[in-house]
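Remarks on the structure that follows.
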Number of protein chains: 2
Amino acid sequence: MPAQASPKFRRRKAERPGEIVEAALAVFAEKGFAAARLDEIAARAGVSKGALYLYFATKEDLFRAVVEQAIAPNVQMVRAMIAAHPGPIRDLLRLVPERIAAIAAALPVGGVIKMVIGEAGNFPELARVWHDRLVAHALGGLSEAIAAAQARGEVKSGDPRTYALQLIAPVLIGVIWDETFAPVGAEPFDVVQIARQHVEAMLSGMLVEEARG
Amino acid sequence: MPAQASPKFRRRKAERPGEIVEAALAVFAEKGFAAARLDEIAARAGVSKGALYLYFATKEDLFRAVVEQAIAPNVQMVRAMIAAHPGPIRDLLRLVPERIAAIAAALPVGGVIKMVIGEAGNFPELARVWHDRLVAHALGGLSEAIAAAQARGEVKSGDPRTYALQLIAPVLIGVIWDETFAPVGAEPFDVVQIARQHVEAMLSGMLVEEARG
DNA sequence: CGGTTTAATAACCAGCCAGTCAGTTACCAG
DNA sequence: CTGGTAACTGACTGGCTGGTTATTAAACCG
């Protein structure tokens, strides 16, 4: 019998939670909450299912941790973007495409969005966390920036919150499209291209003559 | 023993499938595919679970029937909308809000969209049916109308398919918002108001000067 | 080293639910 | 009225999966 080259497991209390959450993010984004199997998450994290329960009390608890992890960097990003552009709003709006592309490259945004939309009905507190911690901040911040620009006379009259929604909606739908229909043969959308074309159209649509450029 | 006033069930072979599909639409829209219980669908259709299997082979089969039923009236609507406006494209675009409001009132649109987005990953052929039978027609039709308008010199340069996406995205996101975040305390969006404000902005953004009005 | 602690495993359980089927009952034809 | 048919029921089951636990072994310490 050959000598045992490597032990059958390692004790790594500190690293486990992060690895498990990362694996869970991937599986949840791929399958959604209900269809995700704890065994698969455990396997991808290189751990047994029992080990999951050393760090997370329930499947839902793990889901919450995933949402928190997915949320944190995005909130940061939104705040930074708004704060960095107190000036003419067209500069802020023109920056949107690159930022969106950056997050979309770093995280499985589409999968996460799908997950939240699909499971919101069955896990309301989850939708609440998602809304309060991320969406409200992003939409609220953008709305305020638009309202301020209206006060400065840069933006035409109209509901600022609706303007904010109008601005980001096509990008979101583009991401969802690529996740939903592209895998079954539909022509994918180039999200950055959507963002660029849309920003230009919206600048014409919502800015007063003098504020364009 | 009192006389049997009413029988414990009726034989209604013709009506059953429609009633079952209707009940299933409601439950699937509410819960999604995985979380929907066949017992609940059966109960809402006023039938036992066993009866479901007289008309549909599997749960997935029933899901397919529901998708078909949810698709049909919308295809009709899209075709009619495009066909009715060969003329200046701004007339077509201005009509969008009322039409959207009409369908949103008639069907659980938000629930259906959630269902499709949420389950697309686990049921690819479903996403394919949905895309090929409805979404491709709607987006394609609108794209063609926009391309034609470009050829007539009404619309600025830019990708017509992207323009089409830009036009409908805010309304879709509005519907999804009301379904996802409004139930947990977020301020809902008025979808018709979104549509109106967005159409005005997009008219300025995508039409050339002379084609506005 | 040997003893102790505890991270991690793997076999296990309980309950839920899609799908089945033997029996029941409405309906109809003669 | 009666016998035949098939629509319908509802109790059942097999498998799956979230969650538990008895056991094992890695790591640490004196």
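Within every chain, numbering begins at 1; the chains are lettered A, B, ... in the order of the sequence lines, protein sequences first and strands thereafter. Note that this is a predicted model, so its numbers are computed, not measured.
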- Query: In whole Å, what is the span from the CD atom of B/E40 to the C1' atom of C/dG19?
  - Reply: 18 Å

- Task: Would you confirm whether B/H198, through its side chain, and A/T162, through its main-chain N or O, come within 3.5 Å as a donor-acceptor pair?
- Result: no

- Query: Charged N to carboxylate O below 4.0 Å: is that the case for A/R16 and A/E19?
  - Reply: yes

- Task: Using a 4.0 Å cut-off on protein heavy atoms (strictly under), produce a 5'-to-3' string for nucleotides 8-21 of chain D with B for base contact, S for backbone-only sugar-phosphate contact, and - for none.
- Result: BBB------SBBB-

- In whole angstroms, the gap separating C1' of C/dA18 from CG of B/D61 amounts to 14 Å

- Query: With a 4.0 Å cut-off, would you call B/E30 and B/R44 a salt bridge?
  - Reply: yes

- Task: Specify whether B/W177 and B/F189 have parallel, tilted or perpendicular ring planes, treating 30° as the upper limit for parallel and 60° as the lower limit for perpendicular.
- Result: perpendicular

- Query: With under 30° as parallel and over 60° as perpendicular, where do the rings of A/H131 and B/F181 fit, or are they tilted in between?
  - Reply: tilted

